[in-house]
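The block underneath contains the structure these notes are about, expressed in structure tokens.
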Amino acid sequence: MRTKIILDLDTGIDDTLALTYALGSPELELIGVTGTYGNVTVDTGVRNSLAILELFGYPEVPVYPGITQARAKESFEVLEISEFIHGHNGIGEASLPEPTASARTESAVEFLVDSVRAYGDELIIVPTGPSTTIAAAIEADPYFAAHARIIMMGGAVSVPGNVLPWAEANINQDPEAADLVFRQAQDVTMIGLDVTLQTLLTTKQTQIWRDLGTVGGHFLATAADYYIKAYEVTSPHLGGCGLHDPLAVAVAADPSLVTCLATNLKVDLSGPTRGRTIADESRLNSSVKTAQVALEVDQERFLEEFMARLSTLAAATPALERGLN
Ligand code: BDR
Ligand code: CA
């Protein structure tokens, strides 16, 4: 039986790679996408998700708009650094046809809560942006906190952050929401920078997509090359771009890709380290551990799976018009 999955995306470039990883995974059945803000606004992210689903032949997957800004804020504006990394349109200035489908009118929170009630532990929720919508689902229904299986991209425990020396981007957008998730959800796997920065994509791999000569291959290569170029400026020591969000989806398909530490997590909400993910000292000796923090990754096997799945998916899209590559 395939594992049902919901992705909560702020559809920038690595979210795009996460979405396509899910579509290319025979073990996973994507039952819906919820849209959060972060790399882009909710509107732009939802539009990107719809357009990507159509491009790769899955127009029936429903997309639900989520909450548009952090719990402690009244509005959201895309940060300059996010625009630099993901492009103005969130997909590295790659152009995609306007989607013909529209977002659903039911809210993302309702969809999340109803899905956990309907499918229980047959479902995995993979948030790859700020935790605001997931936190709202926890508050909306105690059943959600008790039964949701969450594999989230966010945080950094054993390595420095990427937006501040102690804070990772998704957590930093809404520390209160992430803290609520860590304190109340009973089954959270944290796929943080500890492991995602060990998973790198280079232009050697994106050329394989470009060489397919399909619209899907061209799109993936164009978006990923933009991301790789941004990483050459922000993190030249890495030698590629981090495959943050797709690794969380890969772990939903195959948990043996990572090795985890069982603990209880929290986020610092005040003081100079606001936004830091760390073990909750008040629950250190509790026999119940609600979080698994990924600390090691089989990056070679992950990259092989990543390339195989996305290449197969992209190969099945229509041929590119001549002259466009
Ligand atoms: C995370 O921040 C976003 O920019 C990426 O999409 C990823 O989810 C990495 O810190
Ligand atoms: Ca993301």
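All ligand and atom numbering here is 1-based and tracks the order in the structure. Start at 1 with the first residue, then count along the sequence.
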- Message: Under 3.5 Å between any N/O of D245 and any N/O of ligand 1: does that happen in this structure?
- Response: yes
- Task: Report yes or no: is the cationic atom of K266 (NZ for Lys, CZ for Arg) under 6.0 Å from the centre of the six-membered ring of F182, at an angle within 45° of the ring normal?
- Result: no
- Query: To the nearest 0.5 Å, what is the distance between CZ (F76) and CG (D174)?
  - Reply: 11.0 Å
- Mind checking what makes ring-ring contact (aromatic ring centres under 6.0 Å, His included) contact with F56, not counting sequence neighbours? none
- Task: With heavy atoms under 4.0 Å as the rule, classify the contact between D15 and ligand 1 as side chain, backbone, both or neither.
- Result: side chain
- Message: Checking D225 against T206 for the side chain to side chain donor-acceptor pair (under 3.5 Å) test, could you report, in this order, the C-alpha distance in whole Å, the side-chain angles of both residues, the deciding distance, and whether it holds?
- Response: CA-CA 7 Å; D225 282 351; T206 60; 2.6 Å; yes
- Which residue owns the protein heavy atom closest to atom 9 (C) of ligand 1, what's the atom, and how far is it? E168 OE2, 3.2 Å
- T36, V40, N170: member with heavy atom nearest to atom 2 (O) of ligand 1: N170
- Task: Over all heavy atoms of both residues, which pair between D10 and Y37 is shortest? Give the atoms and the distance, please.
- Result: CB-O, 3.5 Å
- Message: How close do L50 and A101 get, counting heavy atoms only, and between which atoms?
- Response: CD1-O, 3.7 Å
- Task: Take D8 and T36 through the test side chain to side chain donor-acceptor pair (under 3.5 Å) and record every step on the way to the result.
- Result: CA-CA 6 Å; D8 185 44; T36 185; 4.7 Å; no
- Query: Can you tell me which residue and heavy atom of the protein come closest to atom 6 (O) of ligand 1, and the distance to 0.1 Å?
  - Reply: D14 OD1, 2.5 Å
- What protein N/O/S atoms lie closer than 3.0 Å to the Ca ion (ligand 2)? D10 OD1, D15 OD1, D15 OD2, T128 O, D245 OD2
- Which residue holds the protein heavy atom closest to atom 4 (O) of ligand 1, what is that atom called, and what is the gap in Å? N39 OD1, 2.7 Å
- Query: So E168 and N172, side chain to side chain donor-acceptor pair (under 3.5 Å) or not? Walk me through it.
  - Reply: CA-CA 6 Å; E168 180 278 333; N172 196 54; over 6 Å; no
- Message: Strictly below 4.0 Å, N to O, side chains only: are R104 and E110 in salt-bridge contact?
- Response: no
- Message: Please work out, at 4.0 Å between heavy atoms, whether the side chain, the backbone, both, or neither of T128 comes within that distance of ligand 1.
- Response: backbone
- What about D10: any of its N or O atoms under 3.5 Å from an N or O on ligand 1? no
- Shortest non-hydrogen separation from G242 to Y227 and the atoms involved: O-CE2, 3.5 Å
- Taking non-hydrogen atoms only, is N162 closer than 4.0 angstrom to ligand 1 via side chain, backbone, both or neither? side chain
